[in-house]
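Here the structure is laid out as structure tokens; the discussion comes afterwards.
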Amino acid sequence: MERVDYAGLRDDELMDRLERRDMGAFEALYDRYGDLVYSVALRVVGDTYVAEDVAQDVFLRLWRRPEQFDLNRGKFVTWLMSVTRNRSIDERRSRGRRLRHEALPAAEDEEAVLPSGNERDDPALATVLSDERAAVREAMDVLPAEQKLAIQLAYFGGLTQQEIANKLGQPLGTVKTRIRLGMQKMRGALEERRGSNRGH
Amino acid sequence: MPMVECEGFREDIDAWALGALEADEASQLERHLAACDECSRLAEGAREAAGSLALAVPLQAASSSLKAKVMAGAAVLAEERPQRRRGWRYWPAAAAAGIALGAGLVAWGAYMQTEVNDLRDENARIEAGATEQSERLATASSRIVQMTAARREDLLAADAVTEIVTQDDVARLAMSGTSAAPEATGRYVWSRTAEMGALVVRGLPPLTEGTRYCLWLVYEHDWVLGGQFDVDADGDGRLIVTDLEIDADETGRLEGFAVSVEPAGEVTKHTGETVLRATLD
């Protein structure tokens, strides 16, 4: 019997195995990203029960259709986060925004929607993503608060630019500019930090 | 592709990557991306950056039961391949035994969730189509509502079973079909600490109109109603038993369990034919 050190495999190697219906690979991916998927879902839907529903769905979709991930189009974790975010936003919308998180933070409450430094330690995730996570946080830190808030309201709040403008009482053009400049700065900071290291 | 046209679209690429464009704007941009390699390359970069935002979210620990649900759900889906069918008979054989009952119900919840999401996908495809599909959309939406309600019920049942099977005093008993239902089988799991029980049955005969199955807790001096339930086309069904008020002085010792066919509506006495029976040692 082949003995596989799943925890030592890269994401793309685990995904290869997943396409061959390798349950060990699936479990390793869950162990690596389960808390992150759950945390992103929780961040969007604001309800632990619903967040678990979303996380469960994301992983079962991954198990059923691993071929939906295309290695040529980017990193696995980015794709997984995108799937999680979109699924969470769908859930939030389907519930008519009745979730606890309905009251999106106002501009003065921006810290409520921004990542903080306080979090639990996850060794499985730390081995593959600690640099990446630090890079994103640092990239976000360089943004002016209003740009950061507009980006967060779009990504985690699922709001369109027009909805953000309405919420913040700002002209649509201002919001568009904040998002565009903020993303440009963040992308630049990320690329600078990451360099050529593509890791997992 | 003329650069001037690209410039207009490129202003929207970041908002698109964040999901912040209106639907018509997004469609327009996506049509352009399909035809423009350079803008498409930029869009991939923007999408990668947007996806990275999630990495900065403070980590929260998911419950251990989430992993159990996910793994059990995957096991169910693995069993279904290559021919997807629903039904208890396609569960892993081990699910029939004792503690695996809990995982089985959990898995069923997970399975139902994927069914709901399949329907959501179908709904999305229909929406992307034209208005002539509206009737089909309405049907699918109605099914989604039904499936979502069923899923919620399944997950609640799964939670109840988890509560039962994690108690130290969990007990289980297999039930056999009587001559009225020789093919039927059942299993009842319960815990006095949790004050709950869970019944799973298979192969019961279809109910006639105006009747339901009832689970009875058979005591020395009385039969106490545990609850009513229906079965699906395969005769499979389940019931979570809670909130029973038992006065041991009146009922005497618990002797076993029974399932009978009773008239639908309020039932207080066992009058119908017994189809499943189990006796405690």
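The sequence lines fix the lettering, A, B, ..., with proteins before strands; numbering per chain opens at 1. A quick note: this is a predicted structure, and the numbers were derived from the prediction, not measured.
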Practice item. Kindly determine whether A:F76 and A:M15 satisfy side chain to side chain contact (heavy atoms under 4.5 Å, CB included), including the steps that lead there. Key: CA-CA 9 Å; A:F76 169 76; A:M15 287 302 290; 3.4 Å; yes
Point to revise | Verdict with reasoning, A:L149 to A:L168, per side chain to side chain contact (heavy atoms under 4.5 Å, CB included) | key: CA-CA 10 Å; A:L149 181 63; A:L168 300 179; 4.0 Å; yes
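- Ranking A:M81, A:Q161, A:Q162 against chain B, the residue ahead of the rest is A:Q161, based on heavy-atom pairs under 4.5 Å.
- In this structure, the portion of A:R85 lying under 4.5 Å from any heavy atom of chain B is its side chain and not its backbone.
- Heavy-atom distances place both the backbone and the side chain of A:Y155 under 4.5 Å from chain B.
- Of the residues considered (A:F59, A:Y38, A:F26), A:Y38 shows the highest number of contacts with chain B, using heavy-atom pairs under 4.5 Å.
- A salt bridge links A:R87 and A:E91; the closest N-O separation between the charged side-chain nitrogens and carboxylate oxygens is under 4.0 Å.
- For A:D11 and A:Y33, the side-chain atoms include at least one donor-acceptor pair closer than 3.5 Å.
- A donor-acceptor contact closer than 3.5 angstrom links the side chains of B:W16 and B:E30.
- Contact annotation for A:M186: only side-chain heavy atoms (C-beta onward) come within less than 4.5 Å of a heavy atom of chain B.
- Listed options B:A50, B:A17, B:G45 were ranked by heavy-atom pairs under 4.5 angstrom with chain A; first place goes to B:A50.
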